[in-house]
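Model, not experiment: these values are computed from the prediction.
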Amino acid sequence: LADRLHNMRTLNHLAEEKRIVIAQETRDIYAPIANRLGMSKVKNELEDLSFQYLERDSYKELSHRVAERRKKAIEFIEKVKGTVSERLQAAGLDATLEGRIKRLYSIHQKLRRQRIDLDQVYDFVALRIVVPTIPDCYAALGVLHNLWRPVPGRIKDFIAMPRPNGYQSLHTSVIGDEGYPFEV
């Protein structure tokens, strides 16, 4: 996987026909293997790099649209992290917070699958809150829903019903300040 990732990062030095074959193989075989092994960062980068070569026009258009929103999204993440951190501390919860902007290929898939516009992607921006215990996880959800209004139908309890691979968490989407939706 490391070798494939390196190859994908330097794919622009090959002929166009070879790029397409390698990118397709990467998206079809290597990215799913990385996902299966729990290597989501590697999977995400492999998918984004494949997307760049396999669907060049869609990639260019989407990357331009995302770039326009990126600065505002990063500022929003930092503001939300500060607010949430203060509220979690006040509630006596020990937590680690991480923010992210959704990856290009993942956005592209969602836009196609759901036939929506970029403005309708609720998880364009996401905040991850890691707490030490299951009760703390539910308590953190309560803190979030007291801060912002949850989006109906967008709460998922993977603690009560873990995924087949053992993944456990709570997911919610909320409408943040100024009507900006995000996922936690």
Rounded to the nearest 0.5 Å, what's the gap from [atom1] on [X] to [atom2] on [Y]? Could you check?
X	Y	atom1	atom2	result
Asn12	Gln52	CG	CD	8.0 Å
Leu127	Ile129	CG	CD1	5.0 Å
Leu104	His108	CG	NE2	10.0 Å
Asp94	Leu88	CG	CG	9.5 Å
Ile155	Thr172	CD1	OG1	4.5 Å
Ser58	Ile107	OG	CD1	13.0 Å

For [X], what residues pass the side chain to side chain donor-acceptor pair (under 3.5 Å) criterion, not counting sequence neighbours?
X	result
Gln168	none
Glu25	Arg4
Glu68	His64

| task | Evaluate the criterion side chain to side chain contact (heavy atoms under 4.5 Å, CB included) for residue pair Leu5 and Leu49; output intermediate values, then yes/no. | result | CA-CA 9 Å; Leu5 183 57; Leu49 290 166; 4.2 Å; yes
With no hydrogens and no angle check, is any side-chain donor or acceptor of [X] less than 3.5 Å from a backbone partner on [Y]?
X	Y	value
Asp123	Ala126	no
Gln24	Val21	no
Ser63	Lys60	yes
Asn35	Ala31	no
Thr26	Ile22	yes
Arg128	Glu98	no

Hey, is [X] close enough to [Y] for a salt bridge, meaning N to O under 4.0 Å?
X	Y	answer
Glu47	Lys43	yes
Glu183	Lys102	no
Lys41	Glu45	no
Glu61	Arg56	no
Asp48	Arg27	no

Are [X] and [Y] linked, directly or through other ILVMFWY residues, by side chains that come within less than 4.5 angstrom of each other?
X	Y	value
Leu118	Ile77	yes
Val130	Val84	no
Val125	Ile175	no
Val131	Leu170	no
Tyr59	Met8	no

Using side-chain heavy atoms (C-beta onward) and a distance below 4.5 Å, is [X] in contact with [Y]?
X	Y	result
Ile159	Cys137	yes
Leu11	Tyr53	yes
Arg69	Val66	no
Arg70	Ile101	yes
Gln120	Leu111	no
Arg19	His13	no
Leu97	Val80	no
Val184	His171	no

Do you know the tightest heavy-atom contact between [X] and [Y]?
X	Y	value
Ala23	Ser50	O-OG, 3.1 Å
Ala140	Leu93	N-CD1, 3.8 Å
Val174	Pro150	CG1-CA, 4.0 Å

| field | Residue pairs passing the ring pair (Phe, Tyr, Trp, His ring centres under 6.0 Å) test where at least one lies in residues 123-147, sequence neighbours excluded | value |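 Applying ring pair (Phe, Tyr, Trp, His ring centres under 6.0 Å) to every pair that reaches into residues 123-147, excluding sequence neighbours, yields nothing.
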| task | Flag yes if more than 12 heavy atoms outside Arg115 fall under 6.0 Å of its CZ atom; otherwise flag no. | result |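 No - once you tally the heavy atoms of other residues, nucleotides and ligands closer than 6.0 Å, there are 12 at most.
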| field | Neighbour count >12 (heavy atoms, 6.0 Å) for atom CG, Asp119 | value |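 More than 12 heavy atoms, drawn from other residues, nucleotides or ligands, come within 6.0 Å of this atom.
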| Set of residues satisfying ring pair (Phe, Tyr, Trp, His ring centres under 6.0 Å) with respect to Tyr105, sequence neighbours excluded |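 Tyr105 satisfies ring pair (Phe, Tyr, Trp, His ring centres under 6.0 Å) with Phe51 only.
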| query | Of all residues at least two apart in sequence or in a different chain, which pass the ring pair (Phe, Tyr, Trp, His ring centres under 6.0 Å) check with Phe182? | reply |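 Phe76, Trp148.
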